[in-house]
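Throughout, a chain's letter reflects where its sequence line sits, starting with A, and its residues are numbered from 1. Please read these numbers as outputs of a predicted model, since none were measured by experiment.
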There are 4 protein chains.
Amino acid sequence: MKTQQTNKLWGSAFGVTPDNAVIEFTAGRDVAVVPPADAALVPYDIRLNKAHTVMLAKTGIIPLSDGAKLLSGLIMLDQLAAKGKWTLDPTREDVHSNIESWLTDTLGIEVAGKLHTARSRNDQVVTDMKLYLRDGVLMQVNNCITLIQSLLELAEETKGVLMPGFTHHQHAMVTTLGHTLAGFAAMLLRDIARFTAWHTLHNHCPLGSVVSYGTSYPIDRKMTASLLGFDGPDHNSLDAITNRGEAESDVVYATAIMMNHLSLIAETLILFATPEFGMLTLADGYSTGSSVMPQKKNPDPLEVVKGKAAFVHGQLMGLIGMGKGNFIGYNRDSQWAKYMVTDVLRECLPAPVVITGVIRTMILHKSHMESWSTKGFVSATVLMEQLAVAFQLPMRVAKVVVEKAVKASAGQDKVTHQSLIAALGEMGLSCSVTPMQVELWQDPHHTTKLIASYGGPGKNSIKMSLKKLNKQLNVHKMWLDSKKKSGKASEALLQNAMKSVMKGGE
Amino acid sequence: MKTQQTNKLWGSAFGVTPDNAVIEFTAGRDVAVVPPADAALVPYDIRLNKAHTVMLAKTGIIPLSDGAKLLSGLIMLDQLAAKGKWTLDPTREDVHSNIESWLTDTLGIEVAGKLHTARSRNDQVVTDMKLYLRDGVLMQVNNCITLIQSLLELAEETKGVLMPGFTHHQHAMVTTLGHTLAGFAAMLLRDIARFTAWHTLHNHCPLGSVVSYGTSYPIDRKMTASLLGFDGPDHNSLDAITNRGEAESDVVYATAIMMNHLSLIAETLILFATPEFGMLTLADGYSTGSSVMPQKKNPDPLEVVKGKAAFVHGQLMGLIGMGKGNFIGYNRDSQWAKYMVTDVLRECLPAPVVITGVIRTMILHKSHMESWSTKGFVSATVLMEQLAVAFQLPMRVAKVVVEKAVKASAGQDKVTHQSLIAALGEMGLSCSVTPMQVELWQDPHHTTKLIASYGGPGKNSIKMSLKKLNKQLNVHKMWLDSKKKSGKASEALLQNAMKSVMKGGE
Amino acid sequence: MKTQQTNKLWGSAFGVTPDNAVIEFTAGRDVAVVPPADAALVPYDIRLNKAHTVMLAKTGIIPLSDGAKLLSGLIMLDQLAAKGKWTLDPTREDVHSNIESWLTDTLGIEVAGKLHTARSRNDQVVTDMKLYLRDGVLMQVNNCITLIQSLLELAEETKGVLMPGFTHHQHAMVTTLGHTLAGFAAMLLRDIARFTAWHTLHNHCPLGSVVSYGTSYPIDRKMTASLLGFDGPDHNSLDAITNRGEAESDVVYATAIMMNHLSLIAETLILFATPEFGMLTLADGYSTGSSVMPQKKNPDPLEVVKGKAAFVHGQLMGLIGMGKGNFIGYNRDSQWAKYMVTDVLRECLPAPVVITGVIRTMILHKSHMESWSTKGFVSATVLMEQLAVAFQLPMRVAKVVVEKAVKASAGQDKVTHQSLIAALGEMGLSCSVTPMQVELWQDPHHTTKLIASYGGPGKNSIKMSLKKLNKQLNVHKMWLDSKKKSGKASEALLQNAMKSVMKGGE
Amino acid sequence: MKTQQTNKLWGSAFGVTPDNAVIEFTAGRDVAVVPPADAALVPYDIRLNKAHTVMLAKTGIIPLSDGAKLLSGLIMLDQLAAKGKWTLDPTREDVHSNIESWLTDTLGIEVAGKLHTARSRNDQVVTDMKLYLRDGVLMQVNNCITLIQSLLELAEETKGVLMPGFTHHQHAMVTTLGHTLAGFAAMLLRDIARFTAWHTLHNHCPLGSVVSYGTSYPIDRKMTASLLGFDGPDHNSLDAITNRGEAESDVVYATAIMMNHLSLIAETLILFATPEFGMLTLADGYSTGSSVMPQKKNPDPLEVVKGKAAFVHGQLMGLIGMGKGNFIGYNRDSQWAKYMVTDVLRECLPAPVVITGVIRTMILHKSHMESWSTKGFVSATVLMEQLAVAFQLPMRVAKVVVEKAVKASAGQDKVTHQSLIAALGEMGLSCSVTPMQVELWQDPHHTTKLIASYGGPGKNSIKMSLKKLNKQLNVHKMWLDSKKKSGKASEALLQNAMKSVMKGGE
């Protein structure tokens, strides 16, 4: 997938062309090959084989000497694969067959023929997938953290930048850009929570379930679980195999909601970047041109985020549909889970990264944003609230008054003092509201001071909530660090165990 | 929905007819009305109104005396609604309008016109939905606990009942009924975990977000959050409103996976109950007849579980599709989330209950089950394993030997000693395997002793894993109890706060 | 569902409030009950019973006298139901049981006990559904015709109204409003084609398939098919029953694509109606207000169209998911198809009607639309084309020239003569382009004359394509008329046959 | 994708191993690469370029001499690509850029820079996709015809082979294998109808829509449409581009329903092949073994059909979700439609072929099938019908009688004369039914003669319906032939037009 696209049919009107990561994300599969699904599993299957071999040797199921030979073979293969000198042979069924066959070619059947002892491809692939998904989840948590950090930083900077707040695509009340960006951060924090919940639920090891019904070899499932960094073995071998696709579906669901959030950010920025809204301009590095129209600058990467959201929804449906009405035990249908989930991770892991880039590089037209905050009666709600507070009016009464005043002020940008007085009169109310009050209660710089409710765009409340959101982000960062550490610890455990077997088998 | 169906067109061949809960679950909406979606929200909206009024009065936004009157009105309405003496007026837009209008009729606009102060229907309905969903989640956790308990009890009873274990709908190895049922329990334990994760993620209060951009009234969001049993307020008012449908989608996703699990149980039991499998008979109370065929006894409730699984998948698709590419702020599209999620809860809350009934009442044909465990070479895998263990053969070699022996034994139920010896010879192996060994390694009563891997159907391992599964179940039970308690505590808090306001407002 | 909502919490700022059809469409199920699914089937099941009775009597399977009595009973019931004096009894399983039970109560078991001869509820419900869906399809075709007609009329009126044409939400080239509206009409014409294809594929009668395997009674399936207006009987009784849900799924798919088209119209109009775009204002009758904000006017009906599109996608998923991996013969799962498809028709039949209303009543801001057609280099593409034509430049070369000229003209609305000359020079080209040419090729009034490609917005080409689209519409209108006629003819056939039986049975 | 898998981990117990087509279908993407999506478009894009060049030259938009050079270049490229000597360069954005760049390298910018005149990648890719999808549709029609033919032939052969007919997975009535297979054929005939409807709806040419808003070049869209075998140009350039993904979605929907039908066949055969049903054995060529269990023979290809059905459902959801709530004009989101639809065709085009192979090679256990047709009261319904006919009993009364008789005959296979007499007595009926009658009405060989309803399994009715189904198949065959012919005719047209341009340009 590392391609550098040149010979582009557009670009002369641009200062900078988008960098490679953005091109790859946006280009899709037009000219890019999708590698075999099992290519992503090679390191995981090798690692599993190492742990399984250690266990077979330590429990005496195979002799230490055979264990040592198998481990040497696996270490060699690992190095070859890492250097790109060994890739999957398409004439050998899958990653499992490929590795076992290579070991057989290298070590002979007498040794390599013992590798598949006390296991089956059923439990092997489910375990591989869990290792793969676990890494994918940690990577996605990492990418979300980066994006949230950028959002919170920009929110801090722009917490005083006025803009219209929308409902129904219409101007509702005045808000700030910082408040909007903090809203994006808040929703992404929930996405991380879904990914961490995945880890808690699924970090259990299926290896040793064999075809679905265990084995008569005296295996030690706790040992393999621990060598592979799992919290322990799964508790039922039938469940572990039958419900293949569930861990996949949980990752894809969490991704689908994350993509919905990113698509919301994308849609919002696409609209803000239209000539009509004119609130911001995307950086050239995150725009593309047209093959025909000389003047075009298009938000393709943002559109692609929306397209990929729909794509992920589809994969989710495929995955959960696959899980309906099945009979117990392994069924081949579930193999397609592998393709759906690897497609989703390949397409969506970079999505938060791309949005981070868009956010960091876009050019804000702050004064244009602010210009809308004094138009279209956008402060009528605060006017109504303050009128109610000042004259102890029921909110419902104050609302009717201001509605009438809005109607009478048609053609202007704000409610006039005159029309408000008239509306109060019409309602039989005598409130001595002053022109100064009417002015002040519709002045967005003043109203953002008045708005004090927690979680809102008010001057003080946004400070408090940004603090809270940063705190939540820190909790997630610490979680990620702890998982990285325990990953390294289990890797060290495996290395030591391998050394011990190899020493014993000399 | 409380209907007692009589005048059935079938039933004379049955000892017992299914009870009402099963009929309602199975009958669907043929002759049953679906109540207005807001009917389910009445108690929640009243509760929200109480908490909101307390807050308005305690913060001085409205006078204590108005607060007291509003609370009296709400208490009266609550009682009327509970007795069925007050229902939604379809000429009044929604539950919020209905309640406010009733209060206006009862207390006059001067008092009732203050209820909607410092809030909007946007934050109100999102809060209502969270209260409703939170209860639904607890109820579903409860129903899953009941089902798991039944499964684990029957698993305990039948942990020695032999049956064929399947992969690809073919006989794979010998297992036990208890192991199969424990597998069902294991997967449902994950469903509970998804529901409890929902609670952790979503038990935050959106009230006070108002239209999406806060309010200039000096509200106290912590107070309302606490009075409604939430862990605190949400942190961003725009996020809270824009992402309506996300909490709904999370519940529906968890339900979709649960329904997949139940549909797996259903499909398995449907097959086991065919004349061909003959492994069990469903109780008459969980079967239905035909309008035409005199002899029929059909597993309709189980089929309905499968149909509802597909139904829930569809609602999930609707919900996540609704969330794609939205613009910030409230949009009316999201209203349909209400109908999709209430339909899902209404249809699926009883599903684990119905399956519990099926499990508890079905008649097992144990000896027929066991009869299959000595046929079709179903112990060939253990034979291969034991051969490998006894003669230190690589598993791959032992497998080829037994494959050849299976082929040579065609037409019989087990591998014969003679064919095994021949196969060993063909492979150039001289292993002095005895007829007794060949017999024993294919005797299912013996092999279940040999299978010692954790999580498998072996005599000892199943005991250990049942213990573990029961322990997990207890953790969930304790969680549910603690949530029930904190629910009661927040209810008491609200009652006291109301009393204090009403006393103050006298 | 006929409710007149009053006591609204908003509306004082509006000239007109939306009419009832719009309110019902928009209100959803908040305070509206969903009737039993079988309520919609009552007229169809009665009609089926009439045709079946005629056939039983004419073939001599039941005596003419019994046939006559049954028909009298059915006629009476029909009248009672039409007057609302007979509704479904929720204690009687379904519409079939309800009707048979009522006949039994009225005519006694000796006569009524013969109604269900040579049929089953399996073939009965599939036939009912086909009658119901067939009517739904014709109604939807009718509603689409109305909408297309409005679109084409307005397109005719506005075929000269300039506006920016968009790609990627950015201004691409100049187009006209008429061209845009004609595009909407073109896509809806395909929707009608999908509905008529449904009719061709599914207008075959399943009655007589009985449980799935026929009957030993000497029934005449051609007769019932013809009395019910079908093109003939289905050809395989197992297929007819097993694939219940397929005709439903086909209707829902056609509806899903139609809703996508309507959601595209909705989104486009929502954006055009923002203060930023300012291209049109929705009529008050198709807008709603806020419960809080006094100034708001929201495009709720359009948003609801988008929400319902997502809803329909979900039902489609449910329906096709239901059809996966089934075993032959009737299975109860498929009953849920009834609820999904009736929900879809109830929610979506009015959608084209509502959009028709929006289109007919919206206020266009034509001069504002046109004002955008001279900004942002929106005619750069025509400039490039004309430059290429005039000076025989390869398009690729002309494009680079104009790209450079656009860059050099930054800050202006059009490419300047000076910058174009400079760009040509830079490319080493000497084309004697005049200031007048540069002006003319960027004048939208002139360029729409230049654009002559069929299907485009050009002055002449739009005339030709409107003619073609109107012609296609007429073909659909004639089809609808012919189906209405043949519907009446089959109804007359049934009436005559009933008379003949009743006469014979006197 | 042409891989020959060796080194399999199973197979010694098999007589034959599955052939390559089956392996490829079943293996999925484990070790197989997915080629770039645009690889499938190369021949279509070249053909489009030829037709476009012809039109540009014939209308004088470009000189004949340039046209001739471009055509020579395209012919050369076509040959290189066909021989595999030219493949997509991943550094060049897409198939369009690749081809244009190659022409530029070969012919120079002065000539090649004219190729992209009066078009855009927007209309180009939509046209490419239609050409590609049109071929895919014809191929799938062809594959369905082959499968239906096999089904109808085997149905003819086995129209007298008795077997139990199922509803609810329980034995309902006696049917025949031929009737079951004819049911499969009947549903697949509808699938073909959906594909042919696609052709009628979508065989219109979008080329010339350019970015969405036409062009000022004097292009001739009728000419390109005709040269590419379309029925004419599309009528609105905005519609053509905006609704990218709709033709894709229509193909995928038709495929989804076809896959549901194939998954129904698969599930039915999987169950019939279990040891419990024992009705058939799959050929070794359509089975796979286990990596562990020596005795296993698994119906993997059939399971894969089910898995792919779920996969296609997912892609459909992705596609229609992508089409919701879009704004007018091209948006990049829609690019993902390409990947979803090409994945679907690649995975599913072979599905009917694989099922054809399964059907043709499976071994039927006819006497075992028949043995079930005299058990479990499977003829009770015909007994009831004949009782009603013989003694003029209302069906409802006869049903109660036989229900009672079934209950009294518990433990036996059929209703006994004694129990029937008793049941009649209990109901106060005196019908002189003879033991012979009771015997005959439950003898399946006799009852299949009695069942005379059209579409049913009866001896005569199955003959009539097989005739009808064969006739429908012939209509589809003739349609396919006519499309193949018109495809060749348009190809000849293009060749001649090319020659004429090349001659003119000499």
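Here the side chains of I451(D) and P457(D) are in contact, with some heavy-atom distance below 4.5 Å.
L450(D) and V382(D) get closest at one heavy-atom pair: CD1-CG1, 4.1 Å.
Contacts between D250(C) and chain D at a heavy-atom distance below 4.5 Å involve backbone atoms as well as side-chain atoms. Using a 4.5 Å cut-off between heavy atoms, A452(C) contacts chain D through its backbone alone, with no side-chain atom that close. Contact annotation for T447(C): neither backbone nor side-chain heavy atoms come within less than 4.5 Å of a heavy atom of chain D. Looking at S209(C), there are no atoms closer than 4.5 Å to chain D (heavy atoms on both sides), in backbone or side chain. Proximity to chain D (any heavy atom under 4.5 Å) is restricted, for I219(C), to the side chain, taken from C-beta onward. For Q170(C), no part sits under 4.5 Å from any heavy atom of chain D, backbone or side chain. Residue L264(C) touches chain D through both its backbone and its side chain, counting heavy-atom pairs closer than 4.5 Å.
Taking the charged nitrogens against the carboxylate oxygens, R121(D) and E100(D) have no contact shorter than 4.0 Å, which rules out a salt bridge.
Contact count versus chain D (heavy atoms, under 4.5 Å) is highest, among G214(C), S263(C), S216(C), for S216(C). Options K449(C), R221(C), K222(C) differ in how many heavy-atom pairs under 4.5 Å they form with chain D, and the most are formed by R221(C).
Residues passing the ring-ring contact (aromatic ring centres under 6.0 Å, His included) test with F184(C), sequence neighbours excluded: none.
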